[in-house]
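Report on the following structure.
Below, read A as the first sequence line, B as the second, and so on, with proteins coming before strands; counting in each chain starts at 1.
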Amino acid sequence: MPELPEVETVVRGLRRCLIGETISSVTIYWARSIARLDPEQFIAQLTGRTVRKVDRRGKWIVVRLDDGQGLLVHLRMTGQLLLEPAPCPDDDYTRVVFNLKSGRRLRFSDMRKFGRLILTDNPGDVLDELGPEPLGEAFTLERFEHMMAERRGRVKSLLLDQRFLAGLGNIYVNEALWKARIHPLRPANSLSSGEVAALYRAVRSTLHAAIGEGGTTLENGNFRQADGAAGEFASQLLAYGHEGEPCPCCGARIERITVGQRGTYVCPACQPSPAAES
DNA sequence: AAAGCACCCTGTACGC
DNA sequence: TGCGTACAGGGTGCTT
């Protein structure tokens, strides 16, 4: 499931190979992948455009075009943006294909059809709703302390809320909370300043490490880099997906609980439950 | 503000 | 074999 490190990895791949490319034609196989615009408008407005920049904001891929428009791509669960040579077979899940003047093509594949493409003059309409970038300079420990202090919801749900903090998903929230030894059900404003600092460091170090490995490709193979390669961070996941296995820190068995309808992995010893404490 | 749920989808894993 | 069902997940939108 693409989260910040996976999206960053895709963006870096596209930045290397897509900038300067001109779109010669667009084919849409699943119209609902396109949000806001009719497929005909989407095609008409993209044909002939040249890619100027590729950026990331949260889990959004932001492709800046020569006419000032932005193509926003959200991969959701199973989306992939693949840059390929033109004579290349589609998979069963190809939803949109951008043919490029160089002869290559950019293909949007998405098994579960949750991904979305938005072409807009005002990317801010979408991106300004997001919380701070966890790896950005503006996201200081001091700011995080203030953010946490005024919220009393469950810390895990809060970290997953893209308006609170942009880019985290279920995998990295699980890892960061385990690393910081904080139970996911703890109210955000119940964390000590030491715990907030540990969580801040855990979030950032986990994201940096995952980006360094090119993201996480689980056994289902859902995530692919822009060149089709897998990410290598899965072997470094210490809690996520490890139900019943010994905690790498203390040896207790990792448990799987549900928080906000999401699978959640905790070490009962390292991450004491708030209910058990009170 | 917080929490729950239905929805959007489909592959996988299960029970019978 | 094969059918039916539950589940997984990010985000949106609605209700409580």
Item to check | R112(A)-T78(A) side chain donor-acceptor pair, cut-off 3.5 Å | outcome: no
Checklist entry - Within the pair Y172(A) and dG10(C), is there a side-chain N or O less than 4.0 Å away from OP1 or OP2? => result no
Checklist outcome for this item: R36(A) atom CZ is separated from dT12(C) atom C1', nearest whole Å, by 13 Å
Checklist entry - Does T27(A) have any side chain to side chain donor-acceptor pair (under 3.5 Å) partners at least two apart in sequence or in another chain, and if so, which? => result none
Checklist entry - To the nearest Å, how far apart are E129(A) CD and dG10(C) P? => result 20 Å
Item to check | Polar side chain donor-acceptor pair, Y265(A) to E245(A), under 3.5 angstrom | outcome: no
Checklist entry - Below 4.0 angstrom from OP1 or OP2 of dG11(C), is there any side-chain N or O of H74(A)? => result yes
Checklist entry - In degrees rounded to 10°, what angle is found between the helical axes fit to the five outermost pairs at each end of the helix from dA2(B)-dT16(C) to dC16(B)-dG2(C)? => result 60°
Checklist entry - Rounded to whole angstrom units, what separation is found between the CG atom of D161(A) and the P atom of dT12(C)? => result 10 Å
Item to check | Euclidean distance, atom CZ of residue F164(A) to atom P of dT12(C) [Å, nearest integer] | outcome: 17 Å
Checklist entry - Between V126(A) and T78(A), who's closer to the 5' end of DNA chain C by nearest nucleotide? => result T78(A)
Checklist entry - Can you tell which of L160(A), L159(A), T206(A) makes a side-chain contact (heavy atoms from CB on, under 4.5 Å) with Y172(A)? => result T206(A)
Checklist entry - When we call it a touch if two heavy atoms are under 4.0 Å apart, what does Y240(A) touch: a base, just sugar-phosphate, or nothing? => result sugar-phosphate
Item to check | E21(A)/K101(A) salt bridge by N-O under 4.0 Å criterion | outcome: no
Next on the checklist: Under a plain distance cut-off of 3.5 Å, with no hydrogens placed, do S25(A) and N99(A) share a side-chain donor-acceptor pair?
Outcome noted: yes
Checklist outcome for this item: In 5'-to-3' order, the base (B), backbone-only (S) or no-contact (-) status of each nucleotide in nucleotides 2-15 of chain B, using a 4.0 angstrom heavy-atom cut-off, is SSSB--BBBS----
Next on the checklist: Please identify which of these residues, L75(A), L71(A), L72(A), meets the side-chain contact (heavy atoms from CB on, under 4.5 Å) condition with I61(A).
Outcome noted: L75(A)
Checklist entry - Tell me: CD of E6(A) to P of dG10(C), nearest whole Å? => result 11 Å
Checklist entry - Do the two ring centres, one from Y200(A) and one from F139(A), sit under 6.0 Å apart? => result yes
Next on the checklist: If you count every heavy atom of other residues, nucleotides or ligands that lies below 6.0 Å from R253(A) atom CZ, does the total exceed 12?
Outcome noted: no
Next on the checklist: Could you tell me how far apart M77(A) (CE) and dC7(C) (P) are, to the nearest whole angstrom?
Outcome noted: 16 Å
Next on the checklist: With a 4.0 Å cutoff (strictly under), does any side-chain N or O of Q162(A) reach OP1 or OP2 of dG11(C)?
Outcome noted: yes
